[in-house]
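Written below as structure tokens is the structure these notes are about.
Because the structure is predicted, anything quoted here is derived from the model rather than measured. The chains referred to below are lettered A, B, ... by the order of the sequence lines, with proteins before strands, and numbering in each begins at 1. These numbers come from the heavy atoms of this one structure, side chains and all, not from hydrogens, waters or symmetry mates.
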Amino acid sequence: MTTNTEFQNVTEDLKWRGALFDATPGAEHILATEKITAYNGFDPTASSLHIGNLVAIMGLVRLQQYGHTPVALVGGGTGMIGDPSGRADERTLLSVTDIDYNVEAIRAQLEPFLDFNAKSNPASVVNNADWLRTTDLLTFLRDVGKHFTVNTMMSRDSVKDRFSRDSGISFTEFSYQLLQAYDFLKLYENDNVGFQAGGSDQWGNILGGVDLIRRIHGADSEGRPRAHGIAYPLVVNSNGEKFGKSIGGAPTLDPKLTSPYKLYQFFLNVADADAVPYVKLFTMLNQVRIGALAEAVSAEPHKRAAQKALAEQVTLTIHGQSGLDQALKVTQAFFGGDISGLSADQMEDVLDGSSVTEVTRDQLSGEGLRFSELAISAGVGKSGGDVRRTIEQGGMYLNGEQIGDANRTIKTEDLVEGRLLIIRRGRKNYSLVKLAEQLGL
RNA sequence: GCAAGGGUUGGGGAGUGGUUAAACCCAGCAGACUGUAAAUCUGCCGCUUUACGGCUUCACAGGUUCGAAUCCUGUCCCUUGCACCA
């Protein structure tokens, strides 16, 4: 074992972290000897990136760390078509308004990761809508389409899979690979972007772009390809399941959709076997730190040192110090002690930012409000029957106390210090209910 | 356009006149055990103020029946073959 904690270049680093799946010939050499500009595309099919995108984001971060210039491409144009990769069925097209909204949201989510003010290699965000929406059909077919044979296009796995299915593939999605190749070409020509990074599912699309650039611009003066690509592996957990595919869908990077607390909890609950690999992939911690964590995991697994480090680091980068503080505070309150001992102020503080529901004083007066109704509006139950069943199984709590009666009603006396209620479903799902302010009545 | 096959509860997929709110698997939820893990086990998993009750469901609209997801008619959609086009 050497004491050397620094890697010479980004590829060594990525390899050590298990984050390099494939690279075009010569790519590693260039990454080690030159400072390049690399881009990674993000699909605006949803309003938020999720943790599945984290590998790619961290890839850009590491590239920047080693002096390369990262470019995040948000697919406002390609999003209008839809990538068939990894899809069993045709996508439903999104409206332009939705896409534009998503593009903005994603742009904002990428910002905490990258340094946009670096002197020599500032990060930037581009939107392929800027060129794709204005390119005219005939020009595109002549300049780009001419370089692709349908034979190759059909041999793509993402396309082939769909051929064998009943649903087939539309021409629209079939064309997708051309668009992504065109993006690379545009970025190469306009901004001298010579690298594309992406998940292994994007490898075919990446090579398509590399190929297109070679066909149009040929090799450089030394006979080397002008464009390169690297791919990250698909992250799976120790059960072979796709990363993030649990607990009601993948956590997002949007604090409104996934509170810092929930994000923190997601990573804290990672299985032992996954903890160290994930730390390597998703944090900037160095070899020494990670080596120590690995030892800690095997020596004292119950202390979950790696899980804690992982959850802390990820929450910190995505939601900042205040987000992490909040996540830790909530965790401490819920798992460290008894929340029924907390004051209303503390509860509110701890749960601020997670889902909050309001009730009016009227609703709680007289007969009171049925617990099941409140639980549904607070989002911890799907229907009256669902809530009742959960209560019967002992899974519903009000202010830290288990509810035994499915007909439980909520009255003003139940409010903690006259203004708050805490509903809990199962072990980890908390929801805050506030008494609405009465406005000038 | 013609012909054949098909559309079942989140997904997959049984079920072809009654005991079917609908097998089974996966996913999901709750509980036990634990380390807020994994594995395992138990219960739940259309709606309903608690129900051996009521209601609404098997693409949609009608119809036949004491009774239909199951039969008939029409409509929509999907798949496959043929034709048309080229």
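- On the C1' atoms, B/G67 is 36 Å away from B/U80, given to the nearest whole Å.
- The base of B/U34 sits with one of its N or O atoms less than 3.5 Å from a complementary donor or acceptor on the side chain of A/Arg427.
- The same atom, C1', is picked in B/G13 and in B/C2; the two are 32 Å apart, to the nearest Å.
- Per the geometry, CZ belonging to A/Phe267 stands 16 Å off C1' belonging to B/A37, to the nearest Å.
- Nearest-nucleotide positions on RNA chain B place A/Val270 closer to the 5' end than the other of A/Val270 and A/Ser372.
- Atom name P, nucleotides B/C24 and B/G15: the rounded distance is 14 Å, in whole Å.
- Separation of the C1' atoms belonging to B/U56 and B/A68 is 16 Å when rounded to the nearest angstrom.
- Ring centers of A/Tyr66 and A/Phe7: at least 6.0 Å apart, outside the cut-off.
- Straight-line distance between the C1' atoms of B/G7 and B/C55: roughly 25 Å, to the nearest whole Å.
- When both distances must be under 3.5 Å, the Watson-Crick or G-U wobble mate of B/C76 is B/G7.
- With a cut-off of 3.5 Å on both pairing distances, the Watson-Crick or G-U wobble partner of B/A30 is B/U42.
- Closest to the side chain of A/Arg389, out of B/A51, B/C45, B/A37, is B/C45.
- Among residues two or more places apart in sequence or in another chain, the salt bridge (charged side-chain N to carboxylate O under 4.0 Å, His left out) test is passed with A/Arg427 by none.
- Checked against B/A37, B/U48, B/U36, the side chain of A/Thr331 finds its nearest nucleotide in B/U36.
- With salt bridges taken as basic N to acidic carboxylate O contacts below 4.0 Å, one links A/Asp100 and A/Arg133.
- Rounded to whole Å, the separation between the P atoms of B/U70 and B/U16 comes to 12 Å.
- Put simply, A/Arg424 has no side-chain N or O that comes within less than 4.0 Å of OP1 or OP2 on B/U36.
- Taking the C1' atom of each, B/C60 and B/A51 are spaced 33 Å apart, rounded to whole Å.
- Across the strands present, B/C24 finds its partner in B/G12; the criterion is a Watson-Crick or G-U wobble pair with both atom distances under 3.5 angstrom.
- Residue A/Thr390 has its side chain nearest to B/C29 when only B/C29, B/C45, B/U36 are considered.
- Across all strands shown, the partner of B/G1 is B/C82, judged by Watson-Crick or G-U wobble contacts whose two distances both fall under 3.5 Å.
- Between A/Lys329 and A/Asp325, none of the side-chain N atoms (NZ, or NE/NH1/NH2) sits under 4.0 Å from a carboxylate O, so this pair counts as no salt bridge.
- Applying a 4.0 Å cut-off to non-hydrogen atoms, the residues of residues 391-398 of chain A that approach RNA chain B are A/Gln393, A/Gly394, A/Gly395, listed by residue number.
- Rounded to whole angstrom, the span from the NZ atom of A/Lys382 across to the P atom of B/U9 amounts to 15 Å.
- B/U50: no Watson-Crick or G-U partner with both key distances under 3.5 Å is found in any strand.
- Spacing between B/C78 and B/G63 at atom C1', rounded to whole Å, works out to 26 Å.
- Within residues 292-314 of chain A, the residues having any heavy atom closer than 4.0 Å to RNA chain B are, in order of number, A/Pro301, A/His302, A/Arg304, A/Gln307.
- Partners of A/Glu300 under the salt bridge (charged side-chain N to carboxylate O under 4.0 Å, His left out) rule, at least two apart in sequence or in another chain, are A/Lys303.
- A/Arg425 pairs by the side-chain contact (heavy atoms from CB on, under 4.5 Å) definition with A/Val380, A/Asp386, A/Thr390, A/Met396, A/Asn429, not counting sequence neighbours.
- Salt bridge annotation for A/Asp414-A/Lys411: absent, with no cationic side-chain nitrogen under 4.0 angstrom from a carboxylate oxygen.
- Atoms CG (A/Asp386) and C1' (B/U50) sit 15 Å apart, rounded to a whole Å.
- Rounded to the nearest 0.5 Å, atoms CG (A/Asp43) and CG (A/Leu73) are 10.0 Å apart.
- Here A/Ser383 reaches the OP1 or OP2 of B/C47: one of its side-chain N or O atoms lies under 4.0 Å away.
- In this structure, A/Glu111 places its CD atom where more than 12 heavy-atom neighbours from other residues, nucleotides or ligands lie under 6.0 Å away.
- Note on A/Asn429: a side-chain N or O is less than 4.0 Å away from OP1 or OP2 of B/A30.
- Sorted by first then second residue, the salt bridge (Lys or Arg N to Asp or Glu O under 4.0 Å) pairs that include residues 307-324 of chain A, not counting sequence neighbours, number zero.
- Summarising the geometry, atom CG belonging to A/Leu185 is positioned 9.5 Å from atom CG belonging to A/Asp183; distances are rounded to the nearest 0.5 Å.
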